[in-house]
A.B. asks: 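One structure, pasted below without further comment.
Fair warning: this is a prediction, and the values are worked out from it, not measured in the lab.
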Amino acid sequence: MVRVKLDKQLFHRGEAMRLRVSASDTTRTVVARMYGAQPVYLRWNPEMSSNTGQMVIPGYLAPGKYLLTVTAEDFAHNIG
């Protein structure tokens with residue numbers, strides 16, 4: 001199971017979106033993707049006990065709603 005936590009729900013162009021993702025112990029990689037932005041590989045942060053990273057919202061995106069997709073892959077290549 002993958003659980004995503006954001007500092008807030010609304011972001012503006014050029015703003016950094018900090019991601020905090022909880023996943024199982026067997027997780028190998030965690031990646032966040034959004035249209036128009038580069039994929040972000042989240043890394044384990046022992047202080048926060050979760051995978052963390054940040055994605056900058058591209059300044060050229062038109063205002064609107066965009067889907068953030070976070071996937072986790074374990075050592076057996078199962079994706080959640």
A.B. asks: To the nearest 0.5 Å, tell me how far K5 NZ sits from T52 OG1.
C.D. replies: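 Atom-to-atom, K5:NZ and T52:OG1 are 13.0 Å apart.
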A.B. asks: Do V56 and V4 share a hydrophobic cluster (ILVMFWY, side-chain heavy atoms under 4.5 Å, transitive)?
C.D. replies: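 No, V56 does not connect to V4 through the hydrophobic network.
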A.B. asks: Please check if V2 and V30 belong to a single hydrophobic cluster, counting links between Ile, Leu, Val, Met, Phe, Trp and Tyr side chain heavy atoms closer than 4.5 Å.
C.D. replies: yes
A.B. asks: Rounded to the nearest 0.5 Å, what separation is found between the CZ atom of R43 and the CG atom of N45?
C.D. replies: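 If we round to the nearest 0.5 Å, R43:CZ and N45:CG are 12.5 Å apart.
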A.B. asks: Answer yes if the side chains of R20 and S50 hold a donor-acceptor pair under 3.5 Å, and no otherwise.
C.D. replies: yes
A.B. asks: Testing the basics here: between A32 and M55, what is the closest heavy-atom pair and its distance to 0.1 Å?
C.D. replies: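 The pair with the smallest heavy-atom distance is O-CE, 3.5 Å.
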A.B. asks: In the structure I gave you, are the side-chain heavy atoms of M34 and P39 within less than 4.5 Å of one another anywhere?
C.D. replies: no
A.B. asks: Answer yes or no: does atom CZ of F75 have more than 12 heavy-atom neighbours from other residues, nucleotides or ligands under 6.0 Å?
C.D. replies: yes
A.B. asks: For residues 9-19, please give each side-chain donor-acceptor pair under 3.5 Å, one per line with the distance, not counting sequence neighbours.
C.D. replies:
| residue | atom | partner | partner atom | Å |
| --- | --- | --- | --- | --- |
| R13 | NH1 | L61 | O | 3.4 |
| E15 | OE1 | H12 | N | 2.7 |
| E15 | OE2 | K8 | NZ | 2.4 |
| R18 | NH1 | D7 | OD2 | 2.8 |

A.B. asks: Any chance you could measure L68, atom CG, to R33, atom CZ, to the nearest 0.5 Å?
C.D. replies: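 So the CG of L68 and the CZ of R33 are separated by 11.0 Å.
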A.B. asks: Considering non-hydrogen atoms only, spot the tightest contact between V70 and L42 and give its length.
C.D. replies: CG1-CD1, 4.5 Å
A.B. asks: Report whether Y66 and V21 are members of the same hydrophobic cluster (ILVMFWY, side-chain heavy atoms less than 4.5 Å apart, transitive linking).
C.D. replies: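 The answer is yes; both residues are in one hydrophobic cluster.
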A.B. asks: Can you name the side chain to side chain donor-acceptor pair (under 3.5 Å) partners of T29, sequence neighbours left out?
C.D. replies: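 Applying side chain to side chain donor-acceptor pair (under 3.5 Å) to T29 gives none.
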A.B. asks: Check the hydrophobic clustering (I, L, V, M, F, W, Y; side-chain heavy atoms under 4.5 Å; chains of links allowed) and say if V40 and L6 are grouped together.
C.D. replies: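 Yes, same cluster.
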A.B. asks: Do any N or O atoms from the side chain of Y60 and from the backbone of G36 form a donor-acceptor pair under 3.5 angstrom?
C.D. replies: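 Yes, Y60 side chain to G36 backbone: donor-acceptor pair under 3.5 Å.
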A.B. asks: Kindly compute the distance separating CG (N51) from OG1 (T27), expressed to the nearest 0.5 Å.
C.D. replies: 7.0 Å
